[in-house]
Participant: 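Before I ask anything, let me first share the structure, which is written out below as structure tokens.
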Amino acid sequence: MASIVISGSCSSSFLFRNREAGGNGVSLAQYNGLRAMERMQLPSSEMTRLSCSAPQRKTIRGMASPTVSIPKREKDPKKRIVISGMGLVSVFGSDIDHFYNKLLAGESGITQIDRFDATSYSVRFAGQIRDFSSKGYIDGKNDRRLDDCWRYCLVAGRRALDDANLGSQVLEKMDKTRIGVLVGTGMGGLTAFSNGVEALIQKGYRKITPFFIPYSITNMGSALLAIDTGLMGPNYSISTACATANYCFYAAANHIRRGEADIMVAGGTEAAIMPTGIGGFIACRALSQRNDEPHRASRPWDKDRDGFVMGEGCGILVMESLEHAMKRGANIIAEYLGGAVTCDAHHMTDPRSDGFGVSSCIIKSLEDAGVNYVNAHATSTLAGDLAEVNAIKKVFKNTSEIKMNGTKSMIGHGLGAAGGLEAIATIKAITSGWLHPTINQDNLEPDVTIDTVPNVRKQHEVNIAISNSFGFGGHNSVVVFAPFKP
């Protein structure tokens with residue numbers, strides 16, 4: 001058993017514990033799409049109320065993962081969630097097939113930073129997007145004003161809608177109050193924010209642009225995309241650091257299943273490759289410093305890894321109820337089976353080494369039978385990579401049929417956008433039957449006994465895939481995709 005440390009103030013919370021060895025396990029899972037077949041009741045003797053009205057630290061014993069009741073797939077077409085469109089902006093461009101072909105080829109998008117003068121920085125490389133064009137999506141005046149975070153969001157969002165055959169002419173004939181937008185970001189409009197602070201310090205408050213606040217706040221991606229398209233359904237953003245996009249998928253699916261929307265445009269966007277972003281993560285001592293070999297710097301699970309590589313971009317899915325998609329004759333790409341979110345309650349930046357928070361998140365998301373592909377979070381950090389592997393091995397007792405790869409080895413860590421880009425890579429693996437490699441696998445950690453698809457792509461028929469994203473603050477998220485079967 002491992003200890004979980006909870007700190008801070010809260011009105012009340014509950015700790016649910018397993019029964020003693022030999023008793024029945026207690027399932028804490030609330031299945032989304034993978035429904036529990038029976039609900040187990042918890043006797044009052046097994047529930048401990050934790051009162052923490054004053055700041056304090058309480059140590060709680062983390063129990064082994066509970067035995068979960070066997071879930072089954074959602075059958076109600078109103079609650080089944082399908083993917084009908086995808087859009088992205090990435091270091092490999094904005095075309096999804098081109099993006100995935102680059103991944104399959106094992107090509108690195110990590111290069112020297114030239115967006116600003118980084119010669120004095122201890123880290124001078126990243127997955128920087130070049131030659132980005134918003135032509136046809138954003139007018140010139142707004143394009144000059146917008147932070148890249150929102151430019152990426154608008155282009156990826158519009159491309160996702162186009163991919164779903166939901167262009168402006170089609171949308172005009174639909175009930176837009178039934179279509180929502182949920183695009184999150186970890187950092188928000190960081191360039192807009194930095195420029196505003198610089199203007200304040202150098203020139204005084206009168207020189208701050210009126211766009212400073214609107215283009216800095218994290219909800220603006222969802223807001224701008226809705227304003228641009230007229231979508232009037234549920235609209236907000238989520239910010240859970242590097243787990244952001246998966247949290248958005250999870251929440252978006254819930255809006256559809258509760259009958260609050262027919263379609264949700266969901267994902268994550270980020271543009272933090274600028275002085276404040278790079279400097280801040282250098283200060284956290286989180287980044288690789290392999291300046292002489294940028295293309296070899298991101299190396300998940302390799303013994304010689306020394307930190308993650310910054311990336312950027314946007315990844316967005318059009319999520320839709322099966323009933324609605326079939327009524328309008330949509331092209332169904334894949335199915336979203338469910339997801340889960342948990343918290344380590346452990347440390348601001350470090351994951352739990354035993355992977356307990358992650359493994360419980362995976363257990364909550366699905367039954368492990370049938371999963372044969374994991375798109376891992378795999379940031380190339382010393383602690384994080386092994387913690388994730390430990391969690392996967394806790395859940396899947398037999399990993400011989402599982403393939404696991406790390407998209408970040410080629411595009412870097414897109415922070416709030418990472419889960420969006422990796423969801424698209426996961427879905428492309430399902431539809432193409434090919435897994436992209438994890439590059440820079442030269443000296444694998446001995447504890448990593450799962451096939452990481454090292455250096456060369458592999459053909460693999462995906463039955464059920466999970467995509468993991470974890471963020472600073474201990475935020476864990478897992479989303480589950482599968483081939484669509486009517």
Side-chain angles (χ1 to χ4, degrees), residues 81-90 92-100 129 132-138 149-171 174 176 178-185 220-235 237-238 244-246 248-253 255-256 261-271 312-321 324-325 328 330-336 414 416-428 430-431 467 479 481 484:
I81 309 296
V82 295
I83 309 304
S84 57
M86 304 189 292
L88 59 73
V89 171
S90 79
F92 294 134
S94 300
D95 180 84
I96 286 174
D97 288 338
H98 181 72
F99 167 77
Y100 199 63
I129 291 173
F132 169 73
S133 174
S134 61
K135 186 176 181 180
Y137 298 103
I138 309 173
C149 190
W150 314 135
R151 295 171 75 222
Y152 297 163
C153 174
L154 286 171
V155 171
R158 288 278 300 277
R159 290 181 71 91
L161 287 166
D162 289 344
D163 189 48
N165 193 26
L166 292 170
S168 56
Q169 292 183 341
V170 174
L171 287 175
M174 300 179 70
K176 294 183 184 180
R178 301 284 302 166
I179 307 175
V181 183
L182 213 177
V183 180
T185 173
M220 201 48 61
S222 293
L224 290 172
L225 186 54
I227 292 167
D228 190 45
T229 56
L231 304 182
M232 298 175 67
N235 188 293
S237 66
I238 293 173
T244 291
N246 275 7
C248 290
F249 297 142
Y250 176 80
H255 283 298
I256 296 171
D262 298 318
I263 299 172
M264 290 294 296
V265 183
T269 186
E270 206 76 86
E312 62 179 346
C314 181
I316 291 180
L317 302 180
V318 176
M319 306 176 74
E320 188 167 0
S321 74
H324 191 272
R328 71 178 187 90
N331 175 45
I332 296 174
I333 303 169
E335 184 167 2
Y336 168 91
L421 294 166
E422 288 161 14
I424 291 173
T426 302
I427 293 168
K428 286 297 291 182
I430 290 170
T431 59
S467 179
V479 289
F481 299 102
F484 171 67

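Throughout, numbering of the chain's residues begins at 1 and tracks the sequence.
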Participant: How close do Ser90 and Leu421 get, heavy atom to heavy atom, and via which atoms?
Facilitator: CB-CD2, 4.2 Å
Participant: Could you tell me whether a side-chain N or O of Asp163 sits under 3.5 Å from a main-chain N or O of Gly87, the two making a donor and an acceptor?
Facilitator: no
Participant: Do Tyr137 and Leu154 have side chains that approach each other closer than 4.5 Å (heavy atoms only, starting at C-beta)?
Facilitator: no
Participant: Nearest 0.5 Å, please: how far is OH in Tyr152 from CD in Glu312?
Facilitator: 3.5 Å
Participant: Please report the closest heavy-atom contact between Gly313 and Ala417, naming both atoms and the distance.
Facilitator: O-CB, 3.2 Å
Participant: Any heavy-atom pair between the side chains of Ile316 and Val265 that's under 4.5 Å?
Facilitator: yes
Participant: Distance-only, no hydrogens or angles: does the Thr269 side chain make a donor-acceptor pair with backbone N or O of Cys149 under 3.5 Å?
Facilitator: yes
Participant: Locate the shortest heavy-atom distance separating Gly184 from Cys248; write the atom from each residue and the value.
Facilitator: N-SG, 3.4 Å
Participant: Say you draw a straight line from CG of Asn165 to CG of Asn331; how long is it, rounded to the nearest 0.5 Å?
Facilitator: 9.5 Å
Participant: Could you state the interatomic distance from OG1 (Thr244) to CD1 (Ile238), rounded to the nearest 0.5 Å?
Facilitator: 8.0 Å
Participant: Are Tyr336 and Leu317 close enough, and set up right, to give a side chain to side chain contact (heavy atoms under 4.5 Å, CB included), and what steps lead you there?
Facilitator: CA-CA 11 Å; Tyr336 168 91; Leu317 302 180; over 6 Å; no
Participant: Would you mind reporting whether Lys428 and Met86 have side-chain heavy atoms less than 4.5 Å apart?
Facilitator: yes
Participant: Taking all heavy atoms of Thr431 and all of Ile333, pick out the closest pair and write down the distance.
Facilitator: CG2-O, 3.6 Å
Participant: Got Leu225 and Asn235 here, is their nearest side-chain heavy-atom distance under 4.5 Å?
Facilitator: no
Participant: What are the two closest heavy atoms between Gly420 and Ala245, and how far apart are they?
Facilitator: N-CB, 3.2 Å
Participant: Mind checking whether Leu166 and Ile179 have side chains closer than 4.5 Å, heavy atoms only?
Facilitator: no
Participant: What's the spacing between Tyr250 OH and Leu182 CG if we round to 0.5 Å?
Facilitator: 13.0 Å
Participant: Kindly compute the distance separating SG (Cys314) from CZ (Arg159), expressed to the nearest 0.5 Å.
Facilitator: 11.5 Å
Participant: Among Val181, Asp228, Val183, which residue satisfies the side-chain contact (heavy atoms from CB on, under 4.5 Å) criterion with Cys153?
Facilitator: Val183
Participant: So His324 and Ile256, do their side chains get closer than 4.5 Å, heavy atoms only?
Facilitator: no
Participant: Look up atom CG in Asp262 and atom CE in Met174, then write down how far apart they are to the nearest 0.5 Å.
Facilitator: 7.5 Å
Participant: Do the rings of Phe99 and Phe92 sit parallel, tilted or perpendicular, given the 30° and 60° boundaries?
Facilitator: tilted
Participant: How about Arg151 and Val89: do any of their side-chain heavy atoms sit closer than 4.5 Å?
Facilitator: no
Participant: Considering all heavy atoms of both residues, which atom of Phe249 and which atom of Met319 are nearest to each other, and what is their separation?
Facilitator: O-CE, 3.6 Å
Participant: Let me see the working for Ile138 and Trp150 under side chain to side chain contact (heavy atoms under 4.5 Å, CB included), right down to the final yes or no.
Facilitator: CA-CA 10 Å; Ile138 309 173; Trp150 314 135; over 6 Å; no
